[in-house]
Number of protein chains: 2
Amino acid sequence: MLQEAVIERATPPAGQQTMPDVPAPVGGERPRVVILGAGFGGLNAAMALADAPVDITIVDRRNHHLFQPLLYQVATAGLSPAQIATPIRRVLAAQKNVTVLMETARAIDPKLRTVTTCTREIDYDYLIVAMGARHAYFGHDEWEKTAPGLKTIADATDIRARILTAFEKAEARQDPAGRAALMTFIVVGGGPTGVEMSGAIAELARQAIVRDFRNISPETARIVLVEAGPRLLPSFPETLSAAAARQLEKIGVEVRLGASVIACDEGGVTLAGDARIDAATVLWCAGVMASPAASWLAVPSDRAGRVIVNPDLSVPQYPEIFVIGDTAAVLAADGRPVPGVAPAAKQMGRHAAVAIRSKLAGWPSQPFRYRDFGNLATIGRKAAVADLGRIRLSGFAAWLLWSLAHLWFLVGYRNRLVVFLDWAFAYIAFERGARLITERSER
Amino acid sequence: MLQEAVIERATPPAGQQTMPDVPAPVGGERPRVVILGAGFGGLNAAMALADAPVDITIVDRRNHHLFQPLLYQVATAGLSPAQIATPIRRVLAAQKNVTVLMETARAIDPKLRTVTTCTREIDYDYLIVAMGARHAYFGHDEWEKTAPGLKTIADATDIRARILTAFEKAEARQDPAGRAALMTFIVVGGGPTGVEMSGAIAELARQAIVRDFRNISPETARIVLVEAGPRLLPSFPETLSAAAARQLEKIGVEVRLGASVIACDEGGVTLAGDARIDAATVLWCAGVMASPAASWLAVPSDRAGRVIVNPDLSVPQYPEIFVIGDTAAVLAADGRPVPGVAPAAKQMGRHAAVAIRSKLAGWPSQPFRYRDFGNLATIGRKAAVADLGRIRLSGFAAWLLWSLAHLWFLVGYRNRLVVFLDWAFAYIAFERGARLITERSER
């Protein structure tokens with residue numbers, strides 16, 4: 001999750017001045033830019049248009065920007081929601097050319113250049129679609145109920161309640177089989193989120209809550225990480241995949257590779273080959289599906305629903321629409337797909353802003369180039385892997401780099417300080433500060 | 001919310017040794033003490049029995065002890081839930097004679113000496129009922145939907161979402177009347193919670209979010225505190241009631257005394273005399289009703305459902321059952337009822353523990369004596385009132401005292417530090433750190 005410090009600017013192509021390929025709005029008004037989504041992509045697009053002569057409306061169904069890379073820490077009781085979320089209005093308060101609207105987008109009419117939300121229609125001259133992705137169940141949406149995924153704060157507090165409630169129920173349970181199922185946690189998917197989640201549950205069980213129970217021994221909890229492919233972290237070099245598996249096993253996570261889930265119900269999971277694991281808690285970290293932008297725009301998309309964009313991130317047929325972040329399918333210079341990570345979304349957001357500036361100035365837009373500053377995944381206390389191209393780290397050095405990088409990029413100085421203190425405290429005391437089971441439905 | 005430092009001990013009455021009035025359990029086992037509720041009363045009872053030769057089971061439907069005096073700060077985005085809540089297991093982890101059960105109590109059979117929860121029956125030799133109270137609508141339970149009260153973390157995050165969403169909707173709303181209703185906040189009830197809540201909403205609107213909107217001016221929000229009686233804070237001296245009203249008006253709260261609510265609906269509130277206030281947000285801080293213990297035990301209760309207890313806090317007919325905290329109706333030495341505040345609940349919890357020790361030792365139990373160390377209510381940044389008997393403070397000095405007292409009594413050193421930093425930051429920057437609108441239902 002490293003990020004470049006360079007701020008991109010619209011620059012005229014060497015030796016040429018062409019006509020704009022998008023007409024300026026009539027009536028001398030400032031062009032209207034609508035941004036759907038205030039994640040890393042949308043927010044960076046808005047900020048990169050701070051001094052542009054445009055009127056920006058940023059639309060998000062939630063009032064907060066979420067630092068998603070740390071969401072698993074909310075789900076495992078390490079951090080509070082407010083520590084990784086900042087009100088969108090607060091971030092953009094000083095940027096006078098932005099209006100923030102908390103609304104849910106429902107449709108786009110690219111011919112009329114209109115976005116429809118639950119309460120209104122919003123006209124645009126330029127549109128940036130940055131609505132991210134949600135977890136996907138590969139045709140088994142019925143699994144969501146028993147195996148929730150992790151994308152929003154509500155997801156995270158729900159998962160937190162499930163994990164903590166499983167230990168509470170195990171403490172009260174008499175029969176050994178029921179108790180064993182309550183103390184088994186299955187994480188499906190060996191990508192970064194699955195690795196981080198299973199490592200964090202292992203540490204929760206073996207350290208933070210280990211002295212708090214009378215009838216169970218939380219350190220005997222079974223945490224199983226199930227991955228259908230041949231190795232963890234497929235986007236990392238193989239040596240780091242192996243290092244991650246070793247480090248997970250060291251803190252007590254059972255790693256099952258080449259294990260496909262063929263059924264998922266309230267009692268647990270069935271793997272291909274009919275192996276059955278009984279578990280009260282199953283968490284889904286196995287796949288994502290892009291927002292429905294492609295179907296709204298009626299343009300081609302890939303299997304995960306991502307819009308196949310032009311090199312400059314605009315949409316075929318609609319040069320005034322840009323699709324970025326997890327909603328876009330983009331290839332990097334090496335021909336591999338740009339990964340669905342925060343730095344890529346940020347870079348695309350800034351690129352879309354620069355492309356709009358170029359078009360406003362009458363210059364052609366440039367192709368997007370993904371700058372890969374490395375790849376980090378954490379495993380637990382003092383354990384992580386880092387792929388920085390030529391340099392590959394695992395263990396404590398990688399963890400230190402991961403901690404510093406994440407603290408640095410947390411939006412807002414205050415959150416940085418509070419999260420630092422929480423981590424420092426957790427590091428010293430093996431404590432988890434946010435062990436709350438809260439439920440709306442309890443009233 | 002001040003508290004004595006004295007730890008009470010069971011002491012034999014001067015010059016006499018009587019027989020225990022409760023038989024010791026058969027079979028030589030240790031007496032079983034069951035405590036229902038892990039609020040201030042129940043938790044302090046458990047801790048005061050730490051070195052007693054008893055086996056304690058503490059039952060709570062939630063996994064956390066809540067520092068309720070600061071709950072209004074969660075509801076107004078000043079603090080995060082985890083900052084005022086600590087897992088019950090964590091608090092009691094080192095006390096080996098306690099088992100914590102997260103279960104919902106459903107009934108008590110005082111003849112069989114059994115508590116029934118959703119999943120089991122628990123036998124007791126001594127029972128301490130400390131299940132607190134919930135807000136009450138005086139026969140208008142249908143008002144709860146439009147005018148929620150504040151007792152749990154779920155209540156607080158729900159109210160927080162309502163307040164913040166009202167501003168979001170006002171920003172998007174075009175018609176002046178609709179916008180005015182969205183920017184009107186009615187707090188019903190002029191006790192400490194109503195005073196604190198209305199003051200905190202005023203500060204949120206006029207300071208924390210004042211620069212974040214484009215179409216509305218949050219500082220023009222109308223906050224109305226409605227009290228049926230002739231003055232605010234009826235448990236305080238009249239001079240402090242007047243001081244509280246003055247300080248509230250200074251920060252922009254409209255105080256309406258002698259105003260009874262006769263109707264309450266989605267559009268606002270109707271007061272006696274047919275005065276109507278249109279408001280999208282109505283909050284209920286007007287009354288409490290005790291837990292259903294009195295009806296479970298089939299013993300006499302007062303109008304608010306509180307069990308009328310013996311002078312030693314035991315229940316008539318059942319010397320082995322103690323009822324404490326907001327579930328008990330107790331008179332202080334001056335003949336006035338003991339208030340439903342945290343210090344009173346703590347004192348009662350410790351008293352019940354001492355009474356059980358006395359009975360175990362064969363001594364008669366002593367009457368409960370409430371020690372009033374003062375009464376504090378905060379109004380906002382740098383404003384509060386404090387009644388310390390002969391000393392009465394208002395304004396900044398009272399606020400400082402209130403801040404120190406609350407920090408001191410927050411359970412857990414870590415929470416104290418984090419809350420202190422949050423407050424320090426909010427004080428310097430007029431910021432509110434927990435401005436999240438989160439909803440389970442959004443998935």
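Lettering of chains follows the sequences in order, A, B, ..., and the numbering in each one begins at 1.
Here the side chain of A/R214 pairs a donor or acceptor atom with the backbone of B/V98 at under 3.5 angstrom. Checked by atom type and distance alone, the side chain of B/R120 pairs as donor or acceptor with a backbone atom of A/A172 at under 3.5 Å.
Taking the side chain as every heavy atom from C-beta outward, A/T99 and B/E171 approach each other to under 4.5 Å. Contact annotation: the side chain of A/K169 never approaches that of B/M102 to less than 4.5 Å [non-hydrogen atoms, C-beta and beyond]. Looking at heavy atoms from C-beta onward, A/R89 lies out of side-chain contact with B/I209 at the 4.5 angstrom threshold.
With a 4.5 angstrom heavy-atom cutoff, B/K96 touches chain A via backbone and side-chain atoms both. For A/Q95, the part sitting under 4.5 Å from any heavy atom of chain B is the backbone (N, CA, C, O) and nothing else. Contact of A/I88 with chain B is not made at all, since no heavy-atom distance falls under 4.5 Å.
In terms of the side-chain hydrogen bond (donor to acceptor under 3.5 Å, both in side chains) criterion, B/T146 has no residue partners (sequence neighbours excluded). Residues meeting the side-chain hydrogen bond (donor to acceptor under 3.5 Å, both in side chains) test with B/T281, sequence neighbours left out: none.
Taking every heavy atom of both residues into account, A/A208 and B/R90 meet most closely at O-NH2, 3.0 Å.
For the atom pair CG (B/D212) and CG (A/L92), the distance works out to 9.5 Å, reported to the nearest 0.5 Å.
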